[in-house]
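Report on the following structure.
For the numbers below, each heavy atom of this structure counts, side chains included, while hydrogens, waters and symmetry mates do not. Keep in mind it's a predicted model, so treat the numbers as computed, not measured. Both counts, for ligands and for their atoms, begin at 1 and track the order of listing.
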Amino acid sequence: MTQAPTEHGHPTLDEIDLSAFEFWLEGRDYREAAFRLLRDTPGLRFFEERILEGSPFPPGPGYWALVRHEDVWAASRNPQLFCSGQGSNIGDLPQEMNEFFGSMINMDDPKHYRLRSLVAKGFTPKEISRVEAYVHDKAAGVVDRMLERYPDGRADFVEAIASPLPLAIICEMMGIPPEDHERIFNWTNVILGAGDPEYGESYEALMAAALEMFAYAQALGESRRANPTGDITSVLMAAEVDGEQLTTQEFGSFFILLVVAGNETTRNAISHGMKALTDFPDQRALLFENFDAHARTGIEEMVRWATPVIHFRRTATADTELSGQAIKAGDKVVLWYASANRDERVFAHPYRFDVTRPLQPAQVGFGAGGPHFCLGANLARREMTVMFDEIRRRLPTLRITGEPEYLQSFFINGIKRLPCAWD
Ligand code: HEM
């Protein structure tokens, strides 16, 4: 999802099936060409659903694809009409499972608001600046370790740089001890890698990882309820929502959401960002030579470029209309952030990586506004800024030296491995 469509990929409208596994195995230029064609086609297209192998649930009724920035924006900002409470992934789950897996991302107000207000205290700009020193130390430690472990100046960028920082930060904030970080890492890989043969590919593997993580969270939550420390887990276990404490079940779901959401997304944004800096050396020079001037826009551009979360879904609560297409109450709409972030109606030269791109109109990698806008956006921006500052100061020659190995997923724009070298 990083390049302009070329002659290789010219699908016709009838060939495009966003639900087909094969579509997501096609080259990235094919995918870009498909989304561009969908954006240029008036109205909205409807797609049938497929299910993950082994899922006990039948495929749902299909969905309207929102591919233009304007439509993604409109649906995100009208939660009364496009709700999240029936699920934010394309497939349907029973209601209890939606909340079990997704916590507040699969809830509507007022329940969503009450839960979000609780945890939001840990993510205010003030709180983020409080963890700033810790982010700096961790980022410096990540580079130290890489230099020590790979004296020949070659490594896998994902393993050495992009993964360890977000993992360490979210684990620290949640109060997860270092000896458990690897387990957490593996669980999140399985949960967001479902569909990729390397991580289990099946519904059973996904469920097993989620249940193990849930049990881990419950034990951690109970121990913090008994002996609070200053971490988010302790705050959540002590907090009250409408006079009631969170149950360990609610906390378990919250925990999975925070840890999964905070980990892979930031990792992939860093990996795609480093690849873009290698592919566009003029932009790298601009950013690295005047970091303070361009970091804010440069980091936002990396998130637009990467679009680590490819889509989320909403459900219409009443009959309505978008882009001239009638939508019935109960219809699903899928917000294709990956396409909205390349919308030429909004972004000049969308296939150009430009670290000076203005912040408005806003990219939608963190969502397009509304109540579910990414809670961790400020944290992710901080982590990325600190990591790239560390790279430019200590590893100024670091570059990507080969093709990425992409995650097979239509949900997460993941890079599994990315060779890099430095002098
Ligand atoms: C570059 C990194 C990240 C990207 C691209 C990203 C992307 C997103 C997106 C697209 C949404 C859904 C927005 C919507 O539906 O309107 C979201 C929600 C969320 N994100 Fe992030 N995220 C990132 C980092 C983080 C981090 C570091 C955390 C913190 C631990 C986090 C926690 C959450 C939570 C809790 C939600 C659900 C919010 C709600 O439902 O109210 N994210 N994120």
Could you tell me the residue and atom name of the protein heavy atom closest to atom 30 (C) of ligand 1, and the distance to it rounded to 0.1 Å? I170 CD1, 3.3 Å

Will you find, in the side chains of R313 and T315, an N or O donor that is under 3.5 Å from an N or O acceptor? yes

For P308, state whether at least one heavy atom is located under 4.0 Å from any atom of ligand 1. yes

Just checking, any donor-acceptor pair under 3.5 angstrom between side chains of T307 and N341? yes

What protein heavy atom is closest to atom 38 (C) of ligand 1, reported as residue, atom name and distance in Å? R116 NH1, 3.4 Å

If you measure from each heavy atom of S88 to ligand 1, is any distance below 4.0 Å? no

What atoms of ligand 1 come within less than 4.0 Å of a heavy atom belonging to L258? 30 (C), 35 (C)

Using every non-hydrogen atom in the two residues, find where G262 and P166 come nearest and quote the distance to one decimal. O-CB, 3.8 Å

With only distance considered, is H372 within less than 3.5 Å of ligand 1 through an N or O on each side? yes

Should the pair D109-R114 be classified as a salt bridge under the 4.0 Å nitrogen-to-oxygen rule? no

Protein N/O/S atoms closer than 2.8 Å to atom 21 (Fe) of ligand 1: C374 SG

Looking only at protein heavy atoms, which one is nearest to atom 11 (C) of ligand 1, and how far off is it? F312 CE1, 3.8 Å

Atom 7 (C) of ligand 1 sits nearest the protein heavy atom G365 O, 3.4 Å

Could you tell me whether R68 and D40 make a salt bridge, using a distance below 4.0 angstrom between a side-chain N and a carboxylate O? no

For salt bridge (Lys or Arg N to Asp or Glu O under 4.0 Å), just list the numbers for K275 and D279, CA-CA rounded to whole Å, side-chain angles, deciding distance to a tenth of an Å, and then say yes or no. CA-CA 6 Å; K275 177 162 165 29; D279 292 345; 2.7 Å; yes

Can an N or O of R314 be found at a distance shorter than 3.5 Å from an N or O of ligand 1? yes

I need the atoms of ligand 1 closer than 4.0 Å to a non-hydrogen atom of F373, numbered in the order shown. 16 (O)

Side-chain donor-acceptor pairs under 3.5 Å in residues 131-139, sequence neighbours left out?
{"unit_1": "E132", "atom_1": "OE1", "unit_2": "R382", "atom_2": "NE", "d": "2.9"}
{"unit_1": "E132", "atom_1": "OE2", "unit_2": "H136", "atom_2": "NE2", "d": "3.4"}
{"unit_1": "E132", "atom_1": "OE2", "unit_2": "R382", "atom_2": "NE", "d": "3.2"}
{"unit_1": "E132", "atom_1": "OE2", "unit_2": "R382", "atom_2": "NH2", "d": "2.7"}
{"unit_1": "Y134", "atom_1": "OH", "unit_2": "E172", "atom_2": "OE1", "d": "3.1"}

Would you mind running through ligand 1 and noting each atom that sits below 4.0 Å from a heavy atom of P371? 41 (O)

Donor-acceptor side-chain pairing of H294 and T356 below 3.5 angstrom: no

For atom CD of E179, decide whether the heavy atoms of other residues, nucleotides or ligands shown that lie under 6.0 angstrom number more than 12. yes

State the atoms of ligand 1, each with its element, that fall below the 4.0 Å cut-off from a heavy-atom position in H112. 39 (C), 40 (O), 41 (O)

Are W336 and H311 near enough that their ring centres are under 6.0 Å apart? yes

Are side-chain N/O atoms of N186 and R183 paired as donor and acceptor at under 3.5 Å? no

Regarding atom 37 (C) of ligand 1: of the candidates D109, I105, N106, V259, which has the closest heavy atom? I105

Please name the residue in the list R417, K416, R149 that meets the salt bridge (charged side-chain N to carboxylate O under 4.0 Å, His left out) test with E159. R149

